[in-house]
Structure formats: C-alpha cells, structure tokens
Amino acid sequence: MDGSILAALAPRQRDVARRLARAFTAGGRELYLVGGIVRDVLLRRPLPNDLDLATSALPEETTRLGRAAGADAVYDVGARFGTVGFVFGAERERVAVEITTYRREHYPDETRFPAVALGGTLEEDLARRDFTANAIAAGLDGGGLVDPYGGEADIALAVLRAVGDPDDRFAEDPLRLLRAARFVAQLGFRLDALTEAAMARNAPSLERISRERVLAELDKLLVGEWAAAGLEALRRTGLLAVALPELAPLAAEAEAGARGARPHREKELWDHTLRVVSQAPARPHVRWAALLHDAAKPLTRGVDAAGEVHFFGHEPVGADLATKLLRRLKTDKATQAAVRLLVALHGRPTTYEPDWTDSAVRRLALDAGEVWDDLLDLAAADVTSGREEKRRAAAARVAGLRAHFARLQAEADLDKLQSPLDGNELMALFARPPGIWIKRVKDDLRERVIDGELAPDDKTEAERIARELVAAEETARSGGSVAVGSGAPPPAVP
Ligand code: ATP
Ligand code: MG
C-alpha cells in the first residue's frame, strides 16, 4: 500500500515528500509519513495540504536536512517536543511540513503535560500514539507500511482501538478519551469493546484536561458526519457527565428510558436531540444549538390538569443553560451569543402560519438578526415526529416562513432600485411644474436601474438620459412620433 500512500498525495506534496526522502536518506536518517495523513489515505478521506513526518534525526539535523531538501522557510514549532516546521513553495503551491523526531513519552508525575524524550525508535514513537488507526507509518522509499498494532485492519473494520493497554493510554493523556469520541463522530468508526470499557473507567480523569483542549475536541465532534454516534459514545462512557454536566438531565432521560423507568415519550428527549444534531447542517453554531435546544426540558417539565406533559419556559431557561455551558468551555463571545439566541428562538419558526403579517415576519427576523439562516436551519432540523403528516406540516411552516421572508427581502431590494433623480430634481432641472411627465421620466429611469443599465446613484448619466427623453417628447409633441412611455399623452408644458 505504501506506493499508493505516495500516489494518493497531491502532486506538489508528493514532490516535496520525494525531495525530503532523498535528503534524509543521503544523511543516513529514517523518514516516515505518520498519523492522520496515513489514516486518511487508507480511508480515502480528503487529505490536508500539509505533511506530518517522523524521523530518527534530532531537531538540529532535521533542520539541516530540510534545508538541503530545498525548504523555502524553516520555523520552530516546538524544538523541545522535537518538531521542526518547513514551508516548500508559495501560494497555491505551498506545502507546510512538520517533521518530528521519534519520541518516547514518559510520565514522571500526574501533571497535565507529559514529558517527552527524544530519540527513540519508530516502533517506540508509534507505541505512544493514541489509536491503532493513527499509529501507522508509511515509508517514502517503497519500504511499505510500518503497522505494528494492526491499524490497517482496524481501519478496514472501522474500529477505533487504543494502542496497547487502553487504561495505560488514557491514564497517560486523558484528552484521548475525547479524541476517541471525536474520531467516532468524524470517521464513523465504532469503539472497540475494551477501549470503550477503559473510557468508562477513566472518564473522571478528563477533569484534568484544560477547557480549551476539551472545547477543541467537542467542536470537531459536533460537526462530524457521525456526530450522533460520537455523542452517544460520550453518554455511554459517562464522559458526557464530565465534559458537559449541563446535559446530564437530558442524558438521564435516555438511561431512565432504557431501564423502563420513564414513559416511552420522555425517553425520546435524548434520541430526539441526537436526531436534530444529525439533521442540522454541519456548522458549529447550529450544531451546538441543536445539542442544547431542549436541554432545559427536564428542568421545566410539568403536567397540566388534563395530564398533558409540558415544558413551559424551556427556551429561555435553555438559553441561560447554553450560555453557562459555553462560557465554562471558554467559547468565543460570538458563539455564545449566537447559540444563546438560537436556543431562545428555536420554537418560533414552527409557529408560522401563512396569514402572518409582513411585520410579524420582520419582527422575528429582527429578533434573530445574524442567526436568521441558522435559525431556519435549526427549526427545519427540529422536526423528528414519528408521524409523517406532523413532520410534513412542521417542515411546511419553516419553508413558508423562509419564502415569506425571502419575498420581503426581494421587495425591499426592489424598493432600493429607484430613479437617481426624484421629482423635485427633475422639476428644477427642466424648470417645469409638476405633471405626469415626471412620472414618465422617473419610470423610464427606474426601468434602466432595474435592468442594470444605470447605477441608482448616477445622477449625471440620469440627467443626460432625462434630457434626451424630454427632448424626444417635445419633438413628438411638435409633430414627431417619438414619445416617452407608450401611448401616453404629452407632458403638460406651461
Ligand atoms: P486531525 O488532524 O484531524 O485532528 P489527527 O489524527 O491528524 O487528526 P493530530 O492532532 O493532528 O490528529 O495528531 C497527529 C497524530 O499524532 C495523530 O494521528 C496521532 O498519531 C498522534 N496524536 C495526536 N494527539 C495525540 C494524543 N493526545 N495522544 C497520542 N497520540 C496523539
Ligand atoms: Mg492532523
């Protein structure tokens, strides 16, 4: 397969890889493609523009060999961790390369940052990687894959399996717990049973990981093609309760449902949430809002006199919950504001009726502001009823609202397309009193603006055309046959 690893690269990446291979071989050093890029080639996934390589050379020598291979720039990514960065080519031909010295990780204590020792073997380097699918190296010289942990077979089976003893791997770096769920969401893999059991045992250690790193993984998980499977993995392993404790009540629904302790309908809250996430477009704000839109339902559940379950106020309570959660994870302010608004408004589009007034539609659009498109997409995704006719009716409401607003916008756009000269300007220009001639000139100018022949602010050109029109009209009035507008009477001239 190694031949095809190189063959799968973009031509400029392949060229860079070959130049590097020659330089490192000449220097007597090993050089392999490793990690995500090898995995993604084997999975036939789209490849990044960059190259990740591992070498037996120490950073200083790596720098020298990279220069010898013709790198245009060298930068220090983290010499302490053994990584040297290079840039080959520029603009569209640019290839960024990171070459890392084989590492052995060791863990002198329970600190956040593992200590890294440089200068192991390729096998030792692969041994410290997280999952078998990520622990494959590909030689650049026809040497084949180096795959001591059976990563290629696991990729073929779509199984995510920790390298070696899963408890050890997760204890070394608890971020791997979340990476596992993220790869489930991104790659559509299932968790190997022993790996999953170890994730459940080690879930509490995720507390040691900084919120920024947790957030980065959750963001990737949420926009994954199999996000629902990733979230389900988080729930089953208890990681959800650690990473997103605000969602514990929602997840508890699923657990109570599984025990038969809740009426069937209520268990569906979690399943519903997963379906809405899957159906929402894979953009971060909408996906976060999909995850959180009903999170306050368990907190606001009530039963009315007729025995009907209701969730009064779950939107504003959910908006507060979302804000709290996203603030705790240190998301940026724009994300907090957008998701908060989406959760607060998520129920409104499906209340749309065809007889809503234009101003009712405008009011909702104003409330939504910049999240308008996300809101419509979220509302469309928030339709999961088992009953076909209910689903269709809800979808029709969202589509109706979308079309209504689009019409208002088209009208507003049309309103902006006006004659560059108004009636007063025309009267001043021709020193004429008001009359139907103004309407005819203005209509003619506006037509040209709509047709794109005349810019709405081009008064000079508009004046030139207006003079032509009025002159033609005067000619027509004095016996010619040209008139402004069709069949209209000549303008009243004082
Ligand atoms: P992506 O780039 O899509 O996030 P990736 O697998 O390339 O996925 P990176 O974070 O770029 O992930 O890491 C590159 C490689 O480094 C991985 O494929 C894996 O071999 C190794 N790696 C990264 N993070 C860890 C970790 N926390 N523990 C062990 N190995 C890791
Ligand atoms: Mg990567």
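Counting starts at 1 for both ligands and their atoms, in listed order. We're numbering straight along the sequence, starting at 1.
- For the pair N134 and ligand 1, the shortest N or O to N or O distance falls below 3.5 Å.
- Using a 4.5 Å heavy-atom threshold, the side chains of F131 and D154 count as separate.
- Applying the 4.0 Å criterion to heavy atoms of R176 picks out, from ligand 1, the atoms 26 (C), 27 (N), 28 (N), 29 (C).
- Ion pairing between R179 and D173 fails under the 4.0 Å rule for side-chain N and carboxylate O.
- Every atom of ligand 1 with a heavy atom of R182 under 4.0 Å away is listed here by number and element: 1 (P), 3 (O), 4 (O), 8 (O).
- Proximity of K220 to ligand 1 is established by a heavy-atom distance of less than 4.0 Å.
- Inclusion of R179 in the set of residues having an N or O under 3.5 Å from an N or O of ligand 1 is warranted.
- Counted by atom type alone, N202 and S205 present zero donor-acceptor pairs between their side chains at under 3.5 Å.
- Residue F170 does not touch ligand 1, judged by heavy-atom distances below 4.0 Å.
- Within the structure, the closest approach of F131 to ligand 1 does not fall below 4.0 Å when heavy atoms are considered.
- Among the candidates L375, D367, L401, the single residue satisfying the side chain to side chain contact (heavy atoms under 4.5 Å, CB included) test with R348 is D367.
- Here's the thing with D130: one of its N/O atoms is less than 3.5 angstrom from an N/O atom of ligand 1.
- Contact annotation: L175 has no heavy atom less than 4.0 Å from any atom of ligand 1.
- Every atom of ligand 1 with a heavy atom of R39 under 4.0 Å away is listed here by number and element: 5 (P), 6 (O), 8 (O).
- At a 3.5 angstrom cut-off on N or O pairs, G36 counts as close to ligand 1.
- If you check the side chains of T323 and R340, you find a donor sitting under 3.5 Å from an acceptor.
- Distance alone, capped at 3.5 Å, is enough to place a donor-acceptor pair between the T101 side chain and the A57 backbone.
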Inset, instruction - Might you work through the salt bridge (Lys or Arg N to Asp or Glu O under 4.0 Å) test for E61 and R64, ending with a clear yes or no? - result: CA-CA 5 Å; E61 196 178 5; R64 194 169 56 70; 3.7 Å; yes
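- Salt bridge K324/D320: absent, no basic N to carboxylate O contact under 4.0 Å.
- Looking at E172 against ligand 1, nothing comes within 4.0 Å, counting heavy atoms.
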